[in-house]
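In this text, all values refer to a predicted model and were calculated from it rather than measured experimentally.
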Amino acid sequence: MTQENFELYRGPYNADESEKKILAYWLAHDFYKPEYNKVTKKADTVEEMRQYLAENPDKKFTIIDPPPNAYDRPHIGNISGYAYQDLLGRFWRMNDKRVLLFPGKDHAGIQGEVVVLNDLFKPQGKNKNNITREEFYEQTYQYFTEMMARAQKDEQRIGLSADYARDTFTLDPKIVHNVLQTFIDLYDTGKVYKGVRIVNWCPSCQTALADIDTQKKERESAMYYIKYPIKGESDKFITIATTRPETMLGDTAVVVHPNDERYTEFHGKTAILPLMDREIPIILDPIIERETGTGALKLTPAHATEDYEIMIRWNQANPDKKVENISVIHKDAKIVGPAGKYVGVTVGEAREAVIADLKALGLLEKEEKTLQRVPVCERCKSIIQPIMSSQWFIKTDEMKKDGLDAVENGHVSIHPKYMTKKYLHWMKNLRDWPISRSLWWGYRFPIWYKGEVEETIDENGQITEQINGIEISDFADAVAKDLAKVSFESPGTEWKQDENVFDTWFSSGQWPYVTLQKEEIDDIFYPTNVMETGYDILEFWVSRMIMLGKFRTGKYPFTDVYLHGLVKAGDGQKMSKSKKNTVSLDELVTNYGADGLRLLYIVGNKAGASYRLDEEKLKGYRNFLNKLWNASKFSMMNLPSDVAEWTDNFAFTEDDKAMLEKLNALIPQVAEKIQKFRFGIVSLDLYDSFWHDFCDVYLEAIKQRLYTKDREGNPINTSDEAVASRKAAQWTLWKALDTYLRLLHPYIPFITEYIWQSFPKKSGESETIMYATWPTAVTVK
RNA sequence: GGGCAGUUAGCUCAGUUGGUCAGAGCUAUCGGUUUACAUCCGAUCGGUCAUAGGUUCGAAUCCUAUACUGCCCACCA
């Protein structure tokens, strides 16, 4: 690569063109690899790197880049993360560390599946009913592979100096195997179990949905007030209010607030469930709002999420007076179980019949019109039925201890600090983690059944599971009866694999070590140093990485967590396609340069704080790049090519000394603040110092000393004194610009590299500024 | 309802161990420059740092309360 390619052309700085040239230069070398050896100026072998880092364990710096959704180009928010990750990487690289930024792409579970069903399969007239699971997986994998290549280009364009040769997809076979191994380890150590739990069930898609996969829809509905007689007191009733009267068939209790005087007389008594004539206890829970409805809640634990929670709470506090749950709605949204004459009809039909029968009995006190917000399936808009279903869980009681220990005892620091409270609050309230999802796109459970698995509801409303027609009490029972196995491979042709896939967070929660293990460099780079991500996934992702990392490797996966704020649209609103306030990455990079955009992400911003995509600021940063460009051109017009080699005692003036002193103060300040994750704040000082101290003050002050000709072209400054003064100014100018370029490189890598290419350098100096060393103070005499 | 933040010049925001911290950029007004600068430079205007108490020799900075704003979680029987 010759210098002609990087000449300081006339006119304003053209960021787009210049950055593309620099990117091509970087990518043509091994600069992004931690194997790069700045002494030999080529990449070591992995073994040489291993050796070197074994002898110099403090010389490594690792960030695992959060993998964005592979099916799309990274959005403005993902890109902002890269700016911070890359800043840290470049800073430490200049500070003599072997830096590994590890890129990846996520398969994105349910979101990914929805996208391919709409964008890939629907246009072909295909859906999950007319293709096989294998076809689906194969085509989707192919589609994702193509999309990932595109996403990688965007990462490169923003300047992320990641080791792209190691770019890894979450469904890479090696990763899959390793993630499944973790599940098997969890199973072997008794930390995973299959249990019955309430889930959001979509009767149309025939799948369980995570809360996040549901939407709320408003609809006209009626509130029914139903009188439940009190046992042994024929003239007394307790009235409940409900919008879903059909669920009363599964009622197992009535709940009131313990301090509600209206119901004190019923404490400990029993109500008679109308229509079913079932005796149900009246229990207490302070979560009940006395003003809502009648202040008395009918409890249907099998078909209402909150009721289920109340039941769990009550049963834990009252083990001797446990409340049952009774299922009366099946996966097809029809009535089943101990529901008498209503069995077999749909939920809607059951509602009408129940109301009619209550009226006939005189137990319907009144009904009122009301607006109800019902959960619907995000995909097909069907109304969700909460039902009991068998799901896989991870026991979190022990992992939770690790999760707390990591942060409470300072093994992992969270920036900003106040987010620690969010984390601990979430961790303390953590319950067992349901990890199965009824999807096709993801890691299928390494669980095999000998025959079909069926879930049925018996005459008592209890879920029972059968394999090949044989009833089993739980998974361990199935294993004991040789009806189920945990294994990577199929145990035989008659065995069928569990239909579920893992929750995406189960796999991405293992990302720091599975990536490094795939490359067989985990012994070198694990644990990593920093996890840099958005604060919105602190609980979802960071916490899981900490717990699973400790479980699987015995070590916490990183020491610092930096949480960036979210980028909002120019109007201060959250960016979303539906609001039409998104801006394309291409547009921003073309107009302001990747460097300009990086400055927007970083300058003046702090951890956890959101900020807006402000065009005015971007223009300001573009001007800054142009200022740097012009100041550099001016400097080089006035610098002899051998200035870097000068070592004389210079005749410094007060201006020179002031400039060098300013830099001496700035250098450690920038380094210190970056190490404390305060790089956004200190960049203001750097920005200001360059523009003001260097351009406005120093450059203007030395112009008269630099000139060798006047306006008419006559020689000036020819005396010995003037020559010595010019020399001091030239050297100071060179030293100052050299220092600013280095200090600025982690923030604006492209333009600093571009200038560096033509900048006078000492012999033996790094060809790329990426491996130039962080500046040190100059002694001024 | 629970949790976490924010409230500083017209606008967007800095100000982390309480003592040159009352700031930056943009905007506005005025002046200058064009042998680096789609310009750039200099100057000016502008805030009782949400409100009320408290701690302190001293508080934008710590504590309490109040009022707004935003985000996350739960829920609406």
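- Comparing the same atom, C1', in B:U7 and in B:U12 gives a spacing of 15 Å after rounding to whole Å.
- For B:A43 and B:A50, the P atoms lie 29 Å apart once the distance is rounded to whole Å.
- If A:Tyr535 and A:Ser632 are placed on RNA chain B by their nearest nucleotide, the residue sitting closer to the 5' end is A:Ser632.
- A distance of about 26 Å separates the P atoms of B:U33 and B:A24, rounded to the whole Å.
- Nearest to the side chain of A:Ala241, among B:C37, B:A38, B:A77, sits B:A77.
- A:Asp536 places its CG atom 17 Å from the P atom of B:A5, with the value rounded to the nearest Å.
- In this structure, the ring of A:Trp629 has its center less than 6.0 angstrom from the ring center of A:Tyr9.
- Counted by atom type alone, A:Asp251 and A:Tyr228 present one or more donor-acceptor pairs between their side chains at under 3.5 Å.
- For the pair A:Arg544 and A:Trp433, the distance from NZ or CZ to the six-membered ring centre is under 6.0 Å and the angle to the ring normal is within 45 degrees.
- For A:Lys619 and A:Glu615, the salt-bridge test fails: no basic side-chain N is under 4.0 Å from an acidic carboxylate O.
- Taking atom C1' in both B:C13 and B:A65, the straight-line distance is 28 Å, to the nearest Å.
- Closest to the A:Asp696 side chain, of the nucleotides B:A77, B:C40, B:A14, is B:C40.
- Of the candidates B:U12, B:A77, B:A36, the closest approach to any side-chain atom of A:Lys298 belongs to B:A77.
- Taking atom OH of residue A:Tyr308 and atom P of nucleotide B:A74, one finds them 16 Å apart after rounding to whole Å.
- Between A:Tyr84 and A:Tyr601, the ring-plane angle classifies as tilted under the 30° and 60° cut-offs.
- As judged by a 4.0 angstrom heavy-atom cut-off over every strand, A:Thr243 is placed among residues touching the sugar-phosphate backbone only.
- Among the heavy atoms of the strands lying under 4.0 Å from A:Ile681 are primed sugar atoms or P, OP1, OP2 only; no base atom is included.
- For the P atom pair drawn from B:U48 and B:U64, the interatomic distance equals 27 Å after rounding to whole Å.
- In this structure, A:Leu563 places its CG atom 13 Å from C1' of B:C72, rounding to the nearest Å.
- Taking atom NZ on A:Lys422 and atom C1' on B:C73, their separation rounds to 10 Å, with Å as the unit.
- Stacking between A:Trp629 and the base of B:C37 is absent under the criterion of ring centres within 5.5 Å and planes under 30 degrees.
- Contact between the side-chain N/O atoms of A:Lys703 and the OP1/OP2 oxygens of B:A36 is found at a separation under 4.0 Å.
- Checked for salt-bridge contact, A:Asp656 and A:Arg705 meet the test: a charged N lies under 4.0 Å from a carboxylate O.
- Rounded to an integer number of Å, the gap from A:Tyr621 OH to B:A24 P is 15 Å.
- Residue A:Arg10 places no side-chain N or O under 4.0 Å from the OP1 or OP2 atom of B:C37.
- Taking only distance into account, the side chain of A:Lys627 meets the base of B:C37 through a donor-acceptor pair shorter than 3.5 Å.
- In terms of phosphate contacts, A:Lys568 brings no side-chain nitrogen or oxygen within less than 4.0 Å of OP1 or OP2 of B:C71.
- The CZ-P distance, from A:Arg351 to B:A77, rounds to 11 Å in whole Å.
- Relative to the six-membered ring of A:Tyr698, A:Lys662 misses at least one condition, a distance below 6.0 Å or an angle of at most 45° to the axis.
- Here B:C40 presents its C1' atom at 14 Å from NZ of A:Lys633, a figure rounded to the nearest Å.
- Here the separation of B:C68 from B:C30, taken at their P atoms, is 43 Å to the nearest Å.
- For the C1' atoms, the distance from B:G6 to B:A77 is 35 Å, rounded to whole Å.
- Straight-line distance between the P atoms of B:G23 and B:C45: roughly 12 Å, to the nearest whole Å.
- In this model, the phosphate group of B:G15 is approached by a side-chain N or O of A:Lys606 to a distance below 4.0 Å at OP1 or OP2.
- Within 4.0 Å (heavy atoms only), A:Tyr13 reaches at least one base atom of the nucleic acid.
- Within the nucleic acid shown, A:Arg612 comes within 4.0 Å of sugar-phosphate atoms alone, with no base atom in reach, counting heavy atoms only.
- If you find the closest nucleotide of RNA chain B to A:Lys709 and to A:Ser610, the one lying nearer the 5' end belongs to A:Ser610.
- Looking at the side chain of A:Thr242, the nearest of the listed nucleotides B:A77, B:C37, B:A5 is B:A77.
- The A:Glu306 side chain lies nearest to B:C75 when the options are B:U12, B:U35, B:C75.
- Paired regions of RNA chain B, where each region holds three or more successive Watson-Crick or G-U pairs whose two hydrogen-bonding distances fall under 3.5 Å, are B:1-7 with B:67-73, B:10-13 with B:23-26, B:28-32 with B:40-44, B:50-54 with B:62-66.
- If you check every strand for non-hydrogen atoms under 4.0 Å, A:Glu700 touches a base.
- Heavy-atom neighbours of A:Glu17 CD from other residues, nucleotides or ligands within 6.0 Å: at or below the threshold of 12.
- Side-chain proximity of A:Pro12 to B:A38, B:G42, B:A14: nearest is B:A38.
- Applying the ring pair (Phe, Tyr, Trp, His ring centres under 6.0 Å) test to A:Trp201 and every residue at least two apart in sequence or in another chain returns nothing.
- Counting non-hydrogen atoms of neighbouring residues, nucleotides and ligands closer than 6.0 angstrom, the CD atom of A:Glu408 exceeds 12 such neighbours.
- Not one side-chain nitrogen or oxygen of A:Asn626 sits closer than 4.0 Å to the OP1 or OP2 atom of B:U39.
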>> Walk me through whether A:Leu88 and A:Phe679 qualify under side chain to side chain contact (heavy atoms under 4.5 Å, CB included).
In response: CA-CA 9 Å; A:Leu88 292 170; A:Phe679 39 75; 4.1 Å; yes
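- In this structure, of B:C71, B:G3, B:C41, it is B:C41 that holds the atom nearest to the side chain of A:Trp691.
- Taking atom CD1 of residue A:Ile537 and atom P of nucleotide B:C73, one finds them 13 Å apart after rounding to whole Å.
- Distance from the side chain of A:His425 is smallest to B:G3 among B:G3, B:A77, B:A36.
- OP1 or OP2 of B:G42 sits under 4.0 Å from a side-chain N or O of A:His692.
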